Structures are given as structure tokens and as C-alpha cells.
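Working notes, structure below.
The residues of the chain are indexed from 1 along the displayed sequence. A quick note: this is a predicted structure, and the numbers were derived from the prediction, not measured.
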Amino acid sequence: MWNIEVSNNVESTLLEETKSAYDALLKRQDLGFFQLSLIDEAITQVENVKSFFKSKSNLVVIGLGGSSLGTKAIFEALYPNHWKSKVHFLDNVDGFSLDQFLNSIDNPAEMAWILCSKSGGTIEVTTLYDYCYQWIKDKFGMEITANTFLVTEDKDSLLTLMAKEQQIPYLSMPKSIGGRFSVFTPVGLLPLSFLGVNLRELKKGFEQCLQDNSLVITLSSQMMASILRGDSSFYFFQYSDQLGEWSLWLQQLLSESLSKRVTRDNIKAPIFPTVVPCRGASDQHSVLQQIIEGLEKKFCCFHRVQTSESSAFNIKESLFPQSLMVGKSPGELLSVEAKATEAAMQKSQISTMVLKVNKVNEQSISYLMAAWMLSTGVLGELMNINAFDQPGVESGKSIARRVLSQVN
């Protein structure tokens, strides 16, 4: 599936500690994201309700962070050229972009709506839905509640109370799975089913990753070695446009899970590097200077896809004198630049690792997501931190609510 190459090998002691941490993670009963039975259950739930969307040509997903990033990542990986014309994510309360979207709607009767919130009370989600509901009702005289589906925890909340009052159907999220780990729950699987993603193939990729733990062990040990070296930044380059949205999901997964002030023993936690997603080859012309000659210590990861490094045909002749590309293709240039950038980093004593796959499909993208989710959990065990909460985020939410309550 995905092959990995590393510039530095880790010490045998760290490798053994990583294997033990992986075993400890899989024994945890309080975590559900790697439980294949829960993925099976979610697929069955989604398959039982997918007829709800049969008469709809467009889908609107309202959800923030983990309720949208993972789903968008898979859409972009599998349908890079046309998913945005069918599926629309409202994942920010930007008034201008929201009004632009609503003004583009011609026939709201053809649209289905999914609200995703694990807590059932995410203020941005409820605000976005209220606004869309009011807008469409005022302009078209139509209530969108009849075309709405909810995904949330099965508990009393703003979403479940509304579902009961408005008779809106909903699917439940397992309590043992946090938002940024939830793409293989109804949060991700319900929207993905709209465009016909093969959910069983997604599960196969996750299952294959669990059976072959070598990638997880290597990723986890390399990342832990970076932490122990005191690297302050983690750059990861996606040399495939299919992984553009995926890089934002990975940024959230790592940053929110592993940047913690204290350990589970309430002592100062190891410092996790700042995560910086980059796009190859374009960001070689923007941030590479900072990477190569910046003062901070850093670690770099490359994701490469063979189909992105090939093209339909080679350039037979060039309009430009002394072209280096005659007889070659844009994909070949991408491949050469990826290798050259990696070599330049190693020349500057920057540690690297490269993940490569032949093509992106349901199995390979779910395999990769599973590997990074499991590695995140393993790093939590190695760092002795809670990788499944987000106290810094909750603090900001509390302040925002207090300010809102004081505004007339």
C-alpha cells in the first residue's frame, strides 16, 4: 500500500517503546476509532438511510473541524475535479462567503442538508443552520427542515431537541470517538455515500492498516525522535493535488491531539512541533527558503502519488529556447522536484521521511488516514498525554460564549 523511506533510523530502544505504546493503545477500551465493529455499524446505519438523498442533486454539510475536514479530504482525494459542484461545506461563519453561497441557490428543493456536531451544540453549526433556514424561507417560502439530516451523539442537546421538535431524522455518533477521529463514523460516511463512495472499500483500507502495523510503527517512532531532538516545526509536503484538503485534516489531527501543556501525571509535557502543511511543487517557491535556512530545527515529511508524477504525453517540442523539458512531462518534473527538495533538505541536515503510493483510491486514502490516526494515538502514549481532548479549544469557546451573552 503506502511505502515509507526515512533519512534517519531510530534507536532500537525507541523502536521497542513505540511497539509497546502501539499495543497499549489498542488495548484501551475507552477509544473507539480503531474498532472495526463500530465502522461496520456506521456503514450499516448509513446504508439504511441513503434513500433519503435519492431525489437530491446537491448536498450541504454544516460542520466545523473534525466534522468536515476528514470528509472533505476524502472527497478531494477521490473526486478532485467535480465534487465541489455537488457537495458544499459550510464550515465557517464568514458572512460574505455565506451570503455568496446562498445567493447562488436556484432550487433549494433539490438540496439535502446534513448538520454534524458531536456535542450537539456547536454554536457555529446552529448559527449557520438558523441563517440558512431563515434565508431560504424568506426568499423561496420553503422550510429546509424536511430535507435535513443530523449527525450527533445520542443525548439531550440542541440538535437532538430540535430533531424531536421538527421531526428531523438523525444518526448517532459513538461517544468513544472524537471529532477529528470521526471520518469513519456517520459524520464522514453519510456525506460520502451521497456521491457513491464505496464505504466497504474504505473499511478494507483501515482494516489492512491494522493488520500491517509497520507504517504506524515507523511513523510514530520517527515523529517521537523528532520530538526528542527538539524540532520546533514539522513540515509536510503533499506532492499530489488530491491530498490538498487531506493536509488540513492532518494538521488538525496532529496539532489538536498532541500539543498539550501537561502530561497525564500533571507535569510539563514534551513540546510537539508546529505543523505546517505545504503543497509541492508550488511551495518550493514560498516556504522552502525558511525550511532550508531558517534557524529553527525542523522535520519534513513528503507524501507522493505515482499517478501525479505521470502525464498523458511528453512535450515533443518547446516554444522556449534551451528547454529542459523536451521529451519529458509535467508529472516527471513534479517527481524530479520532489526528489531534489528532499535531497536539499538532507544536505542541510534536516531529517526527512517519504510516503509513496501508486494511486489514491478508497483503500489507499483510508489506509493513510488510519495510519496517521493510529500514530497520533501512539504518540499520545509515548508522550504520556491525553491525545483525545482539546482544552485550549474549549477555553476559547467559553470566552466566546461569555462575550456573546454580554452583547445586546
Side-chain angles (χ1 to χ4, degrees), residues 31-56 58-75 83 86-91 111-122 124-126 128-130 132-133 143-203 206 249 362 366 369-370 373 388:
L31 303 176
F33 74 90
F34 51 77
Q35 302 293 340
L36 294 176
S37 60
L38 291 181
I39 298 178
D40 269 328
E41 182 181 324
I43 292 174
T44 299
Q45 282 183 284
V46 169
E47 289 177 339
N48 287 339
V49 301
K50 63 182 180 181
S51 60
F52 180 86
F53 304 102
K54 275 188 176 180
S55 62
K56 308 302 177 186
N58 282 266
L59 176 67
V60 182
V61 181
I62 300 179
L64 273 74
S67 294
S68 64
L69 290 174
T71 313
K72 289 169 73 173
I74 295 180
F75 274 132
W83 70 270
K86 297 289 185 180
V87 183
H88 315 275
F89 285 87
L90 301 184
D91 53 5
M111 307 180 77
W113 301 73
I114 298 178
L115 274 69
C116 298
S117 170
K118 178 175 172 61
S119 67
T122 306
E124 295 91 347
V125 171
T126 57
L128 285 166
Y129 189 72
D130 275 339
C132 293
Y133 173 87
E143 296 188 0
I144 61 175
T145 50
N147 296 333
T148 298
F149 219 103
L150 308 182
V151 180
T152 186
E153 277 192 15
D154 191 9
K155 64 180 183 182
D156 286 341
S157 68
L158 295 178
L159 260 63
T160 55
L161 291 174
M162 184 189 74
K164 293 174 183 177
E165 292 177 1
Q166 301 293 331
Q167 296 184 327
I168 297 175
Y170 71 91
L171 294 180
S172 59
M173 274 191 69
K175 294 181 179 180
S176 59
I177 301 179
R180 55 191 177 274
F181 295 86
S182 66
V183 69
F184 300 105
T185 75
V187 164
L189 299 182
L190 185 58
L192 291 170
S193 69
F194 178 78
L195 282 188
V197 173
N198 191 321
L199 305 185
R200 300 289 173 182
E201 288 297 302
L202 285 178
K203 186 213 167 187
F206 201 113
W249 168 80
E362 282 98 338
S366 60
M369 295 185 102
M373 285 195 288
F388 304 96

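Residues Ser182 and Ile177 share a closest heavy-atom pair of CA-CG2, 3.9 Å. The two residues Gln166 and Thr145 come nearest to each other via the heavy atoms OE1-CG2, 4.2 Å. Contact detail for Glu47 and Lys50: the closest heavy-atom pair is O-CG, 3.5 Å.
Residues Arg200 and Ile43 have side chains in contact (heavy-atom distance under 4.5 Å, counting atoms from C-beta outward).
Here Gln45 pairs with nothing under the side-chain hydrogen bond (donor to acceptor under 3.5 Å, both in side chains) rule; sequence neighbours left out. For Ser193, the side-chain hydrogen bond (donor to acceptor under 3.5 Å, both in side chains) test picks out no residue, with sequence neighbours left out.
For the pair Thr152 (side chain) and Ser117 (backbone), a donor-acceptor distance under 3.5 Å is present. Using a distance-only test at 3.5 Å, with no hydrogens or angles considered, a donor-acceptor pair links the side chain of Thr160 to the main chain of Lys155. For Trp113 (side chain) and Ala146 (main-chain N/O), no donor-acceptor pair under 3.5 Å exists by modelled atom type.
Relative orientation of the Phe149 and Phe53 rings is tilted, given thresholds of 30° and 60° on the angle between their planes. Ring planes of Phe89 and Trp83: perpendicular class, angle over 60° (limits at 30 and 60°).
To the nearest 0.5 angstrom, Lys203 atom NZ is 7.5 Å from Ile39 atom CD1. Taking CG of Leu195 as the reference point, atom NZ of Lys86 lies at 8.0 Å (rounded to 0.5 Å).
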Item to check | Trace of the side-chain contact (heavy atoms from CB on, under 4.5 Å) decision for Phe75 with Val87 | outcome: CA-CA 9 Å; Phe75 274 132; Val87 183; 4.0 Å; yes
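Val125 pairs in a side chain to side chain contact (heavy atoms under 4.5 Å, CB included) with only one of the listed residues (Leu90, Asp130, Leu115, Asp91), which is Leu115. A side chain to side chain contact (heavy atoms under 4.5 Å, CB included) with Phe194 is found for exactly one of Val46, Leu59, Val61, Ile114, namely Leu59.
The stretch residues 164-176 participates, sequence neighbours left out, in these salt bridge (Lys or Arg N to Asp or Glu O under 4.0 Å) pairs: Asp156-Lys164.
Checked by atom type, the side-chain pair Tyr133/Thr148 shows no donor-acceptor distance below 3.5 Å.
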